[in-house]
Undergrad: 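This is the structure I have questions about; it appears just below.
Each residue takes its place number in the sequence, starting with 1.
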Amino acid sequence: MKKYEMIFKDLEQKISQNDYAPDDYLPTEMSLAKTYQASRDTIRKALGLLAKAGLIKKSQGRGSQVLKPQQILFPISELTSYQELANAFKMASKTNVISIDKLIVDEVLAQLTGFPIKTLLWRIVRQRVVDGMASVLDIDYLHKGLIPTMTRTIASQSLYDYIENQLGLVIDFALKEITIDQITERDKILLDLGPEHHVVSVKSKVYLANHQQFQFTESRHKLEKFKFVDFARRKGR
């Protein structure tokens, strides 16, 4: 990763963590150059990436002002739980556990989730309320053989914190599929959609360090509330 990209990522994280709050001005280019031990040209490139990402506004003679996010930036290439995202962005968020039940994988569910037929799963349906608006619907399927206990208290908090710190499992990677889907009857009931006819669906098969799948999840998001972002480099550059 080039120096200006590293600076961009560090400033992006500081903005997301509210170290630089909306309407604040970033330090001057000269000050940033000293902090990061980089040239002003390198700093300008990093600030240019922040501007393109919609995180700052550069004004002649005034500097770089942090913008108030109109949408929540959702990093699609990272394996981040909703609760971790909510904490990072200091979101006014609440989780409502709609249901928890157990089921056995049949052919249809095997094709959807990737779990073998006859696997016993937990199914958890959760509604995420952001700024007073039902914005995300999470449907999680968890391998009961790996996660033997599930309660509403656990489900209302961070599943990944429970899995990693209470059960001692090592979460490694996920395969993700992102689509724009027509809304369903369940979406109409559990999401504040207004006149919208589509949601963003993020389906993930999530694996442990031993490559065993422990989770399939589908997160259905209001189109207007989230902005799905990634940072990409051309191979060989």
Undergrad: Quick check: closest heavy atoms across I43 and A38, and the distance to 0.1 Å?
TA: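 I43 and A38 have their closest heavy atoms at CD1-CB, 4.4 Å.
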
Undergrad: For L190 and R220, run side chain to side chain contact (heavy atoms under 4.5 Å, CB included): C-alpha distance rounded to whole Å, both residues' side-chain angles, the deciding distance at 0.1 Å, then the answer.
TA: CA-CA 10 Å; L190 295 176; R220 300 175 69 80; over 6 Å; no

Undergrad: With the 4.5 Å side-chain cut-off for hydrophobic clustering, are F216 and I154 part of the same group?
TA: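 Different clusters.
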
Undergrad: How long is the gap from OH on Y4 to CD1 on I7, to the nearest 0.5 Å?
TA: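 Answer for the OH-CD1 pair, Y4 versus I7, is 11.0 Å.
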
Undergrad: Which heavy atom in N210 sits nearest to a heavy atom in Q212, and how many Å separate them?
TA: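 Heavy-atom minimum between the residues: OD1-N, 3.0 Å.
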
Undergrad: Tell me whether the count of non-hydrogen atoms from other residues, nucleotides or ligands lying under 6.0 Å of NZ in K45 goes above 12.
TA: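 Atom NZ in K45 is not packed in, count stays at 12 or less.
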
Undergrad: For E196, enumerate each residue passing the salt bridge (Lys or Arg N to Asp or Glu O under 4.0 Å) test, keeping only those at least two apart in sequence or located in another chain.
TA: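 E196 satisfies salt bridge (Lys or Arg N to Asp or Glu O under 4.0 Å) with K222 only.
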
Undergrad: Using 0.5 Å steps for rounding, measure from the OG1 atom of T184 to the CD1 atom of I189.
TA: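 The CD1 atom of I189 is 8.5 Å from OG1 of T184, to the nearest 0.5 Å.
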
Undergrad: Find the distance between CD1 (I183) and CG (L191) and round it off to the nearest 0.5 Å.
TA: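 The CD1 atom of I183 sits 9.0 Å away from the CG atom of L191.
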
Undergrad: Sort and list the pairs that fulfil ring-ring contact (aromatic ring centres under 6.0 Å, His included) and have at least one residue in residues 173-202, not counting sequence neighbours.
TA: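 Pairs touching residues 173-202 that pass the test: F173-Y207, F173-H211.
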
Undergrad: Donor-acceptor pairs under 3.5 angstrom involving side-chain atoms of residues 109-119: please list them, not counting sequence neighbours.
TA:
{"residue": "T113", "atom": "OG1", "partner": "L109", "partner atom": "O", "Å": "2.8"}
{"residue": "T113", "atom": "OG1", "partner": "F115", "partner atom": "N", "Å": "3.2"}
{"residue": "T119", "atom": "OG1", "partner": "P116", "partner atom": "O", "Å": "2.7"}

Undergrad: Mind checking side-chain hydrogen bond (donor to acceptor under 3.5 Å, both in side chains) for D101 and listing every partner two or more places apart, or none if nothing turns up?
TA: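 Partners of D101 by the side-chain hydrogen bond (donor to acceptor under 3.5 Å, both in side chains) criterion, ordered by chain and then number, come out as R123.
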
Undergrad: For the CG atom on L167, are there more than 12 heavy atoms of other groups (residues, nucleotides or ligands in this structure) within a distance under 6.0 Å?
TA: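 Enclosed.
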
Undergrad: So does D23 get a backbone contact from the side chain of Q65, meaning a donor-acceptor N/O pair under 3.5 Å?
TA: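 Yes: the side chain of Q65 pairs with the backbone of D23.
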
Undergrad: For R152 and S99, which heavy atoms make the closest approach, and how far apart are they?
TA: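 Answer, listing the atom of R152 first, then S99: NH2-CA, 4.1 Å.
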
Undergrad: K203 vs D181, test: side chain to side chain contact (heavy atoms under 4.5 Å, CB included). Steps then yes/no.
TA: CA-CA 12 Å; K203 299 181 182 72; D181 291 359; 3.7 Å; yes

Undergrad: Taking all non-hydrogen atoms of both residues, which atom of I124 and which atom of A155 are closest, and how far apart?
TA: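 In this case the closest contact between I124 and A155 is CG2-CB, 3.9 Å.
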
Undergrad: Evaluate the side chain to side chain contact (heavy atoms under 4.5 Å, CB included) criterion for residues L55 and V66: first the C-alpha distance (whole Å), next the side-chain angles of each, then the deciding distance (0.1 Å), finally the verdict.
TA: CA-CA 6 Å; L55 298 176; V66 178; over 6 Å; no

Undergrad: Applying side-chain hydrogen bond (donor to acceptor under 3.5 Å, both in side chains), name anything that partners D24, two or more places apart in sequence or on another chain.
TA: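 With sequence neighbours excluded, D24 shows a side-chain hydrogen bond (donor to acceptor under 3.5 Å, both in side chains) to no residue whatsoever.
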
Undergrad: I need the single residue from E5, E12, M6, Q13 that forms a side-chain contact (heavy atoms from CB on, under 4.5 Å) with K9. Which is it?
TA: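 Testing each of E5, E12, M6, Q13 against K9, the sole residue satisfying side-chain contact (heavy atoms from CB on, under 4.5 Å) is E12.
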
Undergrad: With respect to I56, which candidate in L67, L11, I15 satisfies the side-chain contact (heavy atoms from CB on, under 4.5 Å) definition?
TA: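 The residue from L67, L11, I15 that satisfies side-chain contact (heavy atoms from CB on, under 4.5 Å) with I56 turns out to be I15.
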
Undergrad: Verify side chain to side chain contact (heavy atoms under 4.5 Å, CB included) between K102 and W122, making sure each step is shown before the conclusion.
TA: CA-CA 5 Å; K102 289 180 283 188; W122 294 107; 3.4 Å; yes

Undergrad: With rounding to the nearest 0.5 angstrom, report the CG to CZ distance, L208 to F214.
TA: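 Between L208 CG and F214 CZ, I get 5.5 Å after rounding to 0.5 Å.
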
Undergrad: Please give me the minimum heavy-atom distance between N165 and D161, naming the atom from each residue.
TA: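 N165 and D161 have their closest heavy atoms at ND2-OD1, 2.6 Å.
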
Undergrad: Tell me whether K58 at atom NZ has more than 12 heavy atoms from other residues, nucleotides or ligands lying less than 6.0 Å away.
TA: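 Counting other residues, nucleotides and ligands, NZ of K58 exceeds 12 neighbours.
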
Undergrad: So does T151 get a backbone contact from the side chain of T153, meaning a donor-acceptor N/O pair under 3.5 Å?
TA: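 No.
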
Undergrad: Looking at OG of S219 and CD1 of I139, how far apart are the two atoms once the value is rounded to the nearest 0.5 Å?
TA: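 Reported to 0.5 Å precision, the distance equals 7.5 Å.
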
Undergrad: Quick test of your reading: applying ring-ring contact (aromatic ring centres under 6.0 Å, His included), list the pairs with at least one residue in residues 13-44, sequence neighbours left out, ordered by first then second residue.
TA: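 As it turns out, there is no ring-ring contact (aromatic ring centres under 6.0 Å, His included) pair with a partner in residues 13-44 once direct neighbours are skipped.
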
Undergrad: Ignoring hydrogens and geometry, is there a side-chain-to-backbone donor-acceptor pair from D140 to T217 under 3.5 Å?
TA: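 The answer is no, because no donor-acceptor pair under 3.5 Å joins these two groups.
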
